[in-house]
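Within every chain, numbering begins at 1; the chains are lettered A, B, ... in the order of the sequence lines, protein sequences first and strands thereafter. Model, not experiment: these values are computed from the prediction.
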Protein chains: 2
Amino acid sequence: MRISELSTRSGVALATIKYYLREGLLHQGEQVAATRAEYDDSHLRRLRLIRALLEVGRLPVAAIKQVVEAVEDETLPVHQVLGTAHYALGPTVEPESGEPWDAALAQTDAIIAGQGWTITPHAPTRAELAQTLLTLRRLGMSTDVTRYAEAARRIARDDMDTIPLDAPRESAVEALVLGTVLYGRALDTLRRMAHESESAHRLGLVPEDSPAGEAPEARAAGKDQSGPTG
Amino acid sequence: MRISELSTRSGVALATIKYYLREGLLHQGEQVAATRAEYDDSHLRRLRLIRALLEVGRLPVAAIKQVVEAVEDETLPVHQVLGTAHYALGPTVEPESGEPWDAALAQTDAIIAGQGWTITPHAPTRAELAQTLLTLRRLGMSTDVTRYAEAARRIARDDMDTIPLDAPRESAVEALVLGTVLYGRALDTLRRMAHESESAHRLGLVPEDSPAGEAPEARAAGKDQSGPTG
């Protein structure tokens, strides 16, 4: 198809497609005439991936280039292609130096080993978790995240069922990125919803006719059934 | 204690404390002389809370003011004080108009009802989840988030055990904010770690002597044991 049709079918503006071509995010079409190139489904797939990384993954262009380069490198095993995208989704954490950091990293590796996980040593998630553990420790909070690790393990097994590991690479990467970000957001929102509900129940604010049953204190606290102010 | 001691004991710079006083984030001390005020543990607790909201919660000053006002309002039930802080932690989502949005909101409420949750109608988490469901639908992805809701429910029950609902309000709010943000980060990181590990296992890349057992393909794919590139 010509570039105009690529634009129509992908829903991406012509100027944007040309920008992606210039930046090397989108591979060149097949040059069939001096001023005309032919594009195909591979370009449609690539545009879908770029949009996913940009709009849902909110990745900067430099990171998208990295992912695209990994996708285009036929010698790179698919696990590493997926990894390049997956790693780009997390925050960038600068490791610290000193004993507290080393202890946090050691605890991180103990958690990984405890779950029987296979994590490459340079995975950015190691520094990510270490930083969170260090912050918890500095604030005097519990650093026992075992139950989160176990919940994550169960969730992730089902997550990976949705990733088509045998499909064209762009499709697998796209599914991984969209699934990681969007279902991750859903999980975070749902956890906070569950917090609100659990708090309401513990404070005796459950409405009398809710499925969770009556709480006698709720009658006395009747005026509070409107819940927290926004 | 004098303001200088408040600074030393809290670890907050004097100029910053004065800024908080001016902004009404920190309540005034007791004026004991023309140029001297006395501060106490309530001021220490408030400074801890402000730092938590600012540095961990990453809330803007306006949101911190809202939380502080809720904390200071003795007529406000504690559930609503917690709610003010908790709601401020989520992203701001602009509701859309039209049928797709309404459908996403209806699905959100069905999920809430299905879990037997008590969520106030103006909770920002409703629009948050609706937006994620709408995005999933537009991308042709599954909007079945039941397993995430169930995981969230189990996690949140244990989370709420760590919130001292009877403690001074600042302490309860501080615990809620720190726990929500920091354990939320840990959960997200752990999920992505579990993704990496699960992917490695499914692609047969588990090292031969790992606790997860041998995968015969791993011998053939021996060179891939270094995992994804960063």
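With contacts defined as side-chain heavy-atom distances shorter than 4.5 Å, the pair B:Arg191/A:Thr180 qualifies. In this structure the side chain of A:Thr108 reaches within 4.5 angstrom of the side chain of B:Met193, judged on heavy atoms. Residues A:Thr118 and B:Leu205 have side chains not in contact (no heavy-atom distance under 4.5 Å, counting atoms from C-beta outward). For the pair A:Leu178/B:Thr135, no side-chain contact is recorded, criterion being any heavy-atom separation below 4.5 Å from C-beta on.
Ion pairing between B:Asp161 and A:Arg202 holds under the 4.0 Å rule for side-chain N and carboxylate O. Remark: A:Glu198 does not engage B:Arg153 in a salt bridge, criterion side-chain N to carboxylate O under 4.0 Å.
Of the listed residues (A:Leu136, A:Val56, A:Ile163), the one with the most heavy-atom contacts under 4.5 Å to chain B is A:Leu136. Heavy-atom pairs under 4.5 Å with chain B were tallied for A:Ala88, A:Gly184, A:Ala152; the largest tally goes to A:Ala152. Ranking A:Asp158, A:Leu129, A:Leu165 against chain B, the residue ahead of the rest is A:Asp158, based on heavy-atom pairs under 4.5 Å. Residue with the most contacts toward chain B among A:Arg126, A:Arg185, A:His86, A:Glu55: A:His86 (heavy-atom pairs, distance under 4.5 Å). Ranked by heavy-atom pairs shorter than 4.5 Å toward chain A, the options B:Pro91, B:Ala175, B:Ala151, B:Ser142 are led by B:Ser142.
Proximity to chain B (any heavy atom under 4.5 Å) is restricted, for A:Ile112, to the side chain, taken from C-beta onward. Only the side chain of B:Arg147 comes within contact range of chain A, with heavy atoms under 4.5 Å apart. In this structure, chain B has a heavy atom under 4.5 Å from the side chain of A:Ile111, while its backbone stays farther away. Using a 4.5 Å cut-off between heavy atoms, A:Val181 does not touch chain B at all.
The two residues A:Ala200 and B:His79 come nearest to each other via the heavy atoms N-CE1, 3.4 Å. Nearest heavy atom pair, residue A:Ala156 against residue B:His195, reads CB-CD2, 3.6 Å.
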(message) Is there a side-chain contact (heavy atoms from CB on, under 4.5 Å) between A:Leu190 and B:Glu150? Walk through the geometry before answering.
(response) CA-CA 9 Å; A:Leu190 289 159; B:Glu150 284 165 0; over 6 Å; no

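To the nearest 0.5 Å, atoms CG (A:Leu187) and CD1 (B:Ile155) are separated by 5.5 Å. Rounding to the nearest 0.5 angstrom, the gap separating the CG atom in A:Leu182 from the CG atom in B:Leu133 is 10.0 Å. For the atom pair CG of B:Leu203 and CG of A:Leu82, the computed distance is 7.0 Å after rounding to the nearest 0.5 Å. Once rounded to the nearest 0.5 Å, the distance linking CZ of A:Arg157 with NE2 of B:His201 reads 9.0 Å. Interatomic distance, B:Thr132 OG1 to A:Asp188 CG, rounded to the nearest 0.5 Å: 9.5 Å. In this structure, A:Ser197 OG and B:Ile119 CD1 are separated by 5.0 Å, a value rounded to the nearest 0.5 Å.
Formation of a donor-acceptor pair under 3.5 Å by the B:Glu196 side chain with backbone atoms of A:Gly83 is not found in this model. Between the side chain of B:Arg192 and the backbone N or O of A:Leu89, no donor-acceptor pair lies under 3.5 Å.
Atom CZ of A:Arg51 has more than 12 heavy atoms from other residues, nucleotides or ligands within 6.0 Å.
Under 3.5 Å, the side chains of A:Tyr148 and B:Asp159 contain a donor-acceptor pair of N or O atoms.
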